[in-house]
Amino acid sequence: MKMKRLRPPSRAGSIAAALAVVSLTGLVLMSTCSPPVPTLDRIKTLGMLKVATVNSPTTYYIGVSGPTGFEYDLARSFADHLGVELQMLVLESPTAVLNAVSSGRAHLGAAALAGDLSFPGIRYSRALRQTQAQLVYRQGSPKPKSVAELKGRLVFPAGSGASVDIKTQLAQNTELRWNESAEEDAEELLNRVALGKLDYTIASSGLVAITQRYHPELRAAFAAGPSHDLAWALPSNDESLRVAATDFLQKLGAKQLATLNERHFGHISQINVWNAASLATHVKNRLPTYRKDFEKAGTATDLDWRLIAAVGYQESHWDPSAVSPTMVRGIMQITTATADFLKVDRLNPSQSIAGAARYLVYLKSQLPPEIPEPDRTWMTLASYNMGVGHLLDARELVRKQKGDPNRWLDVRNVLPQLTQYKWFSQTKYGYARGLEAMTYVANIRSYYDMLVWITEGKKGSKPPEPEVIELPPLPDKNKQPLNIESPVL
């Protein structure tokens, strides 16, 4: 076999090849020596701040007027400070939030995170607020002063703020049955304590304060662990975002941060729990001033004026100067967005009452037409409290669980599931204060009955719960009966 002789490269070719190698080497050196783009620059180039969080009443959730929560409000202000849009990434747990930040999936973690918690790839901002685990019991029961005095049953969420110290103390109390639950979160357990179905639980001070707004019978007995500074989680490999966050928090100032804390955690209202004597007193002293407005609104909307009045009593105790912790105002506690939608002055009692009545009718019209009365009215009231979207989510959960989504009793029973990740992760609008909405509707129904009794001198005409009947075939779950355009969504 004859070998082919290879021709040596020309001088020009050798020079060209050498230059190519030098150029390639230079590019490699440039690519390996160039510093990475700072996180803050990437955020501004992207035009978006990605914030990882969890659904919780102390962090972020969809309220009647849209997204809300302490962490959301603060992150919203930070994004505005940077001049970029805000994108919330809702994850299943604080650990998932930390993983998202350390991996670069999110720029920042805002999920009521303890600033002294060590986690790879994470460093923390300055403290945003403090929290402390509290042992909670129900008013009327003896107030325990220490773990040694606990008798009965204690359940707290797995991975909660219960410290190692208190667990050691619990193990020494032979008269107490206790355990950690992986199935129930702190809000569910607080509800069980409020209803007298559980003796004690442990929850963060912020959550306790929020829950006391609609369960004022809950009481904190003693601290179940040390105080923790809560902070934002930031990537440890880049200083740019931490410097920007520090600058923002310094400009925000302690006073504004304290105001934000007060708005979400500082006010414990007993607005939802009043007895018959209190109502009778307000019927005598306050209702006469506004009764004609309620009656006029009832005539205009074909609603029983006493139902509208019951809503107003639940919302403000008929106090036109009332302001809630979330800054809704007036006798009917209308939000700014809803007032704009209704074109009313929410601080004017007559306009507020008329607007709220029209809004109730509007919400009722947004519900599927197959829902009968009185269930339709009770679902309307729930929508007034938490938004139509969450009510429709609850109906979908009922449908998935083979219940009747047109029956208030079935919908009411799944409302607490909207606080549980297992269930609200399957819904369109996510986390909602379902327990609050359940209590809200029950209170209004009671106030309505009492108002009917007071104004007519006889027992209220509340229709009974629908009878339990054989369920009809389930409707097509893919069918969307409504095209909702509402400020609450």
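Computed from a predicted structure; not experimentally measured.
- Side-chain polar atoms of Tyr431 and Glu187 form a donor-acceptor pair below 3.5 angstrom.
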For this session: Show your working on side chain to side chain contact (heavy atoms under 4.5 Å, CB included) between Leu249 and Leu128 and close with a plain yes or no.
Result: CA-CA 9 Å; Leu249 292 172; Leu128 306 176; 3.8 Å; yes
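- Of the N and O atoms on the side chains of Asp304 and Tyr448, at least one donor lies less than 3.5 Å from an acceptor on the other residue.
- Across Phe294, Tyr447, Tyr440, Tyr359, a single residue satisfies side chain to side chain contact (heavy atoms under 4.5 Å, CB included) together with Val311, and that is Tyr440.
- Taking the charged nitrogens against the carboxylate oxygens, Glu183 and Lys422 have no contact shorter than 4.0 Å, which rules out a salt bridge.
- Two residues are said to be in side-chain contact when any heavy atoms from C-beta on lie closer than 4.5 Å; Leu207 and Pro57 meet this criterion.
- With Leu435 as reference, Asn191 is the one residue of Asn191, Leu418, Leu195, Leu190 to meet the side chain to side chain contact (heavy atoms under 4.5 Å, CB included) rule.
- In terms of modelled atom types and a separation under 3.5 Å, the side chain of Ser205 and the main chain of Gln132 share a donor-acceptor contact.
- In terms of modelled atom types and a separation under 3.5 Å, the side chain of Thr59 and the main chain of Ala112 share no donor-acceptor contact.
- One finds a salt bridge joining Arg123 and Glu239 here, because a Lys/Arg side-chain nitrogen approaches an Asp/Glu carboxylate oxygen to under 4.0 Å.
- Around atom CD of Glu373, more than 12 heavy atoms belonging to other residues, nucleotides or ligands sit under 6.0 Å away.
- When atom types are taken as modelled, the side chain of Asp238 and the backbone of Thr39 share a donor-acceptor pair closer than 3.5 angstrom.
- Looking at Asp375, its side chain never comes within 3.5 Å of a backbone N or O of Arg407 through a donor-acceptor pair.
- With hydrogens and angles disregarded, no donor-acceptor distance shorter than 3.5 Å links the side chain of Asp229 to the backbone of Gly115.
- In this structure, the side chains of Met438 and Pro416 come closer than 4.5 Å at one or more pairs of heavy atoms.
- Between Glu184 and Arg192 there is a salt bridge, with a side-chain nitrogen of the basic residue lying less than 4.0 Å from a carboxylate oxygen of the acidic one.
- With Asp247 contributing its side chain and Val243 its backbone, the two residues share no donor-acceptor pair below 3.5 Å.
- For Arg395 and Asn406, the side-chain atoms include at least one donor-acceptor pair closer than 3.5 Å.
- The main-chain N or O of Leu234 is never found under 3.5 Å from a side-chain atom of Arg242 such that the two would form a donor-acceptor pair.
- Side chains of Thr53 and Val90 form a contact here, defined as non-hydrogen atoms less than 4.5 Å apart.
- Within the 3.5 Å criterion, the main-chain N or O of Phe424 finds a donor-acceptor partner in the side chain of Thr427.
- For CD of Gln401, the number of neighbouring non-hydrogen atoms (other residues, nucleotides, ligands) closer than 6.0 Å is greater than 12.
- No donor-acceptor pair under 3.5 Å is formed between the side chain of Arg219 and the backbone N or O of Arg138.
- Other residues, nucleotides and ligands contribute more than 12 heavy atoms inside 6.0 Å of the CG atom of Asp116.
- Counting only N and O atoms by type, the side chains of Thr95 and Ser93 include no donor and acceptor under 3.5 Å apart.
- A distance-only check finds no donor-acceptor pair linking the side chain of His228 to the backbone of Thr131 [under 3.5 Å].
- Between the side chains of Arg346 and Thr336, at least one donor N or O lies within less than 3.5 Å of an accepting N or O.
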